[in-house]
**Student:** 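Got a structure for you, questions after.
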Amino acid sequence: MKSRIFLLMFLAVAVIVSCCPSRQEDCRIKIILETDMGNDVDDALAMDMLHKYIDAGKVDVLAVMINKNGEAPAEFTDIMNTWYGHSDIPIGVIRNGADCENDAVNYAKAVCGMSDSSGNPAFGRSLNSYSDLPDAHLLYREILAGQPDSSVTIVSIGFSTNLARLMETVADEFSPMTGKELVASKVRRLVTMAGCFNNPEMCEYNVVKDIPAAKKVFEEWPGTIVTSPFEVGIDILYPASSIENDFGWTALHPVVEAYKVYLQMPYDRPTWDLTALLYAVEGGGMFSLSPAGKITVAENGFTAFTPDPEGNRYYLITDEEQNRSIADHFVNMISSAPESQKPEN
């Protein structure tokens, strides 16, 4: 009996070692984040979570890809990366993307323009130029080519333009594979915030801003897609009371300032983008999942799900109890101080 117990213990240790061969980072989820930073403040809240996951040793962030035109999204991302102590994260940008500059108050631009009492920038930066940043779809090729097979999770919380452009790329100095071949080889799964499946008249924003790209990604992406639809995030609100009361540990916070300028306070805001990142990193324990199927995008941007046991498209589902649990989880994560802002002992 003792020898059998010892054998079982040895096998358990062997499984753990095989998952984490040597160092903690070998077990981290490799993440590339796609964001339309500056359109809705939930992108900033999701970026906060991403940095908290880095601090917790849960993710290895390979890059942040911007799918909103302009310099402010990249500059705000650089501000966040710097403030959270992770300024080495590569940033890719989009050029000639969807026109969305006047769709909402651009909190990214507002925070980038903030000054302190001496007239200096309120937040530090790590990059000297944002116009020289690489095109996201080309940076994808460089990064994916250097990763192990089936190791990368892409989290897309904005438009599909960069992903569609990636699929259309051809062999280059980074890889002899096409974009689709690179995705099929290197990407474990794509998690998106997009679509709506409980209202046949609802055309969701991330889809509508580049319908051809969304159509291409949902119908041609060579791998699994899990999407967090409109109806999930709108039922899980990040409370204004947290923004107003839970950040006394810092005098100035880029996400808090972004939240304050986005809409007139106080307001609770849906957590669309946060739910996609939560699922990508922590799995489905807090959600329910649709059956396997296919997702199609109509010419007007309407998304439809068709069950199909041979399909590899899924969407998240939540009930009221799950919504409460997820909302509490978001507040606990976001209101906590990141490692870079904790006082030294």
Side-chain angles (χ1 to χ4, degrees), residues 16 19-20 23-37 41-65 67 77 80-81 84-86 88-91 140 143-144 147-148 150-158 163 183 186-194 206 221 223-229 232-233 236 238 255 270-290 312-318 322-340:
I16 294 173
C19 293
C20 305
R23 299 170 299 172
Q24 184 182 13
E25 59 261 33
D26 295 321
C27 294
R28 295 175 182 175
I29 299 172
K30 294 177 178 290
I31 293 276
I32 297 176
L33 181 71
E34 271 278 341
T35 172
D36 59 329
M37 188 68 72
V41 76
D42 59 336
D43 289 82
L45 294 168
M47 274 287 289
D48 176 278
M49 287 177 56
L50 187 69
H51 286 286
K52 302 293 177 54
Y53 283 134
I54 298 174
D55 287 347
K58 291 186 176 182
V59 301
D60 175 13
V61 180
L62 304 178
V64 174
M65 306 297 193
N67 48 59
T77 298
M80 290 193 69
N81 290 349
Y84 287 86
H86 307 131
D88 58 339
I89 298 173
I91 299 173
Y140 265 118
I143 291 174
L144 290 178
Q147 299 305 313
S150 301
S151 65
V152 178
T153 296
I154 298 175
V155 183
S156 178
I157 55 174
L163 301 178
V183 169
K186 304 297 183 177
V187 177
R188 177 172 170 254
R189 66 181 172 186
L190 169 62
V191 181
T192 72
M193 188 281 118
N206 285 349
W221 186 263
T224 299
I225 299 178
V226 179
T227 191
S228 183
V232 168
I236 306 170
Y238 195 89
V255 174
T271 59
W272 292 297
D273 294 345
L274 290 69
T275 57
L277 181 62
L278 176 65
Y279 178 83
V281 178
E282 302 193 34
M286 292 186 171
F287 301 91
S288 300
L289 196 64
S290 75
N312 58 357
R313 307 296 192 248
Y314 305 84
Y315 66 92
L316 302 180
I317 303 167
T318 58
Q322 289 170 320
N323 291 343
R324 287 192 293 270
S325 177
I326 292 170
D328 289 343
H329 188 62
F330 287 154
V331 170
N332 289 336
M333 280 193 71
I334 292 169
S335 63
S336 64
E339 292 297 323
S340 63

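Keep in mind that the numbers below use all heavy atoms, side chains included, and drop hydrogens, waters and symmetry copies.
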**Student:** Distance check, rounded to the nearest 0.5 Å: Asn206 atom CG versus Ile157 atom CD1?
**Tutor:**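 One finds 8.5 Å between CG of Asn206 and CD1 of Ile157.
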**Student:** What's the shortest heavy-atom distance between Thr153 and Ala280, and which atoms?
**Tutor:** CG2-CB, 4.1 Å
**Student:** Please check this pair: side chain of Asp273 against backbone of Met193, looking for a donor-acceptor N/O pair closer than 3.5 Å.
**Tutor:** no
**Student:** Using the side-chain hydrogen bond (donor to acceptor under 3.5 Å, both in side chains) definition, which of the options Thr275, Thr318, Thr271 pairs with Asn323?
**Tutor:** Thr318
**Student:** Measure the CD1-CD1 distance between Ile154 and Ile32 for me, rounded to the nearest 0.5 Å.
**Tutor:** 5.0 Å
**Student:** For Asp36, is there any backbone N or O sitting under 3.5 Å from a side-chain donor or acceptor partner on Asn67?
**Tutor:** yes
**Student:** Do Thr192 and Ser156 have side-chain N/O donor and acceptor atoms under 3.5 Å apart?
**Tutor:** no
**Student:** Over all heavy atoms of both residues, which pair between Val155 and Ile31 is shortest? Give the atoms and the distance, please.
**Tutor:** CG2-CD1, 3.9 Å
**Student:** Could you measure the distance from the OH atom of Tyr315 to the CG atom of Leu289? Nearest 0.5 Å is fine.
**Tutor:**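 Between Tyr315 OH and Leu289 CG, I get 9.5 Å after rounding to 0.5 Å.
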**Student:** Do Pro148 and Lys30 touch side chain to side chain, with heavy atoms closer than 4.5 Å?
**Tutor:**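 When only atoms from C-beta onward are counted, Lys30 and Pro148 do touch, with a gap below 4.5 Å.
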**Student:** To the nearest 0.5 angstrom, please state how far the CE atom of Met65 sits from the OG1 atom of Thr35.
**Tutor:**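 Here the interatomic distance stands at 12.5 Å.
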**Student:** State whether the side chain of Thr224 and the backbone N or O of Arg189 hold a donor-acceptor pair below 3.5 Å, judged by distance alone.
**Tutor:** no
**Student:** Who passes side-chain hydrogen bond (donor to acceptor under 3.5 Å, both in side chains) against Ser288, sequence neighbours left out?
**Tutor:** Gln322
**Student:** Any heavy-atom pair between the side chains of Met47 and Val64 that's under 4.5 Å?
**Tutor:**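 They are in contact (side-chain heavy atoms under 4.5 Å apart), so the answer is yes.
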**Student:** Do Met49 and Ile334 have side-chain heavy atoms sitting under 4.5 Å apart?
**Tutor:** yes
**Student:** Under a 4.5 Å cut-off applied to non-hydrogen side-chain atoms, are Leu278 and His329 in contact?
**Tutor:** yes
**Student:** Whether the side chain of Lys186 engages the backbone of Gln147 through a donor-acceptor N/O pair (distance < 3.5 Å, no angle test) should be reported.
**Tutor:** yes
**Student:** Can you tell me how far apart OG1 (Thr227) and OH (Tyr279) are? Round to the nearest 0.5 Å.
**Tutor:** 11.0 Å
**Student:** Quick check for you: to the nearest 0.5 Å, what is the distance between Asp55 atom CG and Ser336 atom OG?
**Tutor:** 8.5 Å
**Student:** Which atom names give the shortest non-hydrogen contact between Arg28 and Val59, and what distance separates them?
**Tutor:** CD-O, 3.5 Å
**Student:** Output all residues satisfying side-chain hydrogen bond (donor to acceptor under 3.5 Å, both in side chains) with Asp48, sequence neighbours left out; order by chain, then residue number.
**Tutor:** Lys52, Tyr84
**Student:** Mind running side chain to side chain contact (heavy atoms under 4.5 Å, CB included) on Glu282 and Lys58 for me, showing each step along the way?
**Tutor:** CA-CA 9 Å; Glu282 302 193 34; Lys58 291 186 176 182; 4.2 Å; yes
**Student:** For Gly233 and Trp272, work out which heavy atoms get closest and say how close.
**Tutor:** CA-CD1, 3.4 Å
**Student:** What closest approach, in Å, do Ala63 and Ile143 show between heavy atoms, and which atom pair accounts for it?
**Tutor:**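 Of all heavy-atom pairs spanning Ala63 and Ile143, the closest is CB-CD1, 3.4 Å.
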**Student:** Please lay out, stage by stage, how Ile54 and Val61 fare under the test side chain to side chain contact (heavy atoms under 4.5 Å, CB included).
**Tutor:** CA-CA 7 Å; Ile54 298 174; Val61 180; 3.5 Å; yes
**Student:** With Glu339, which residues qualify under salt bridge (Lys or Arg N to Asp or Glu O under 4.0 Å), at least two apart?
**Tutor:**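 Testing Glu339 for salt bridge (Lys or Arg N to Asp or Glu O under 4.0 Å), a comparison that skips the adjacent residues, returns Lys342.
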**Student:** Assess whether side chain to side chain contact (heavy atoms under 4.5 Å, CB included) is satisfied between Trp221 and Val187, documenting all intermediate values.
**Tutor:** CA-CA 10 Å; Trp221 186 263; Val187 177; 4.2 Å; yes
**Student:** For the pair Ser228 (side chain) and Leu316 (backbone), establish whether a donor and an acceptor sit closer than 3.5 Å, ignoring hydrogens and angles.
**Tutor:** no
**Student:** Ignoring hydrogens, what is the shortest heavy-atom contact between Ala46 and Leu277? Give both atom names and the distance.
**Tutor:**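 Between these two residues, the closest heavy atoms are O-CD2, 3.2 Å.
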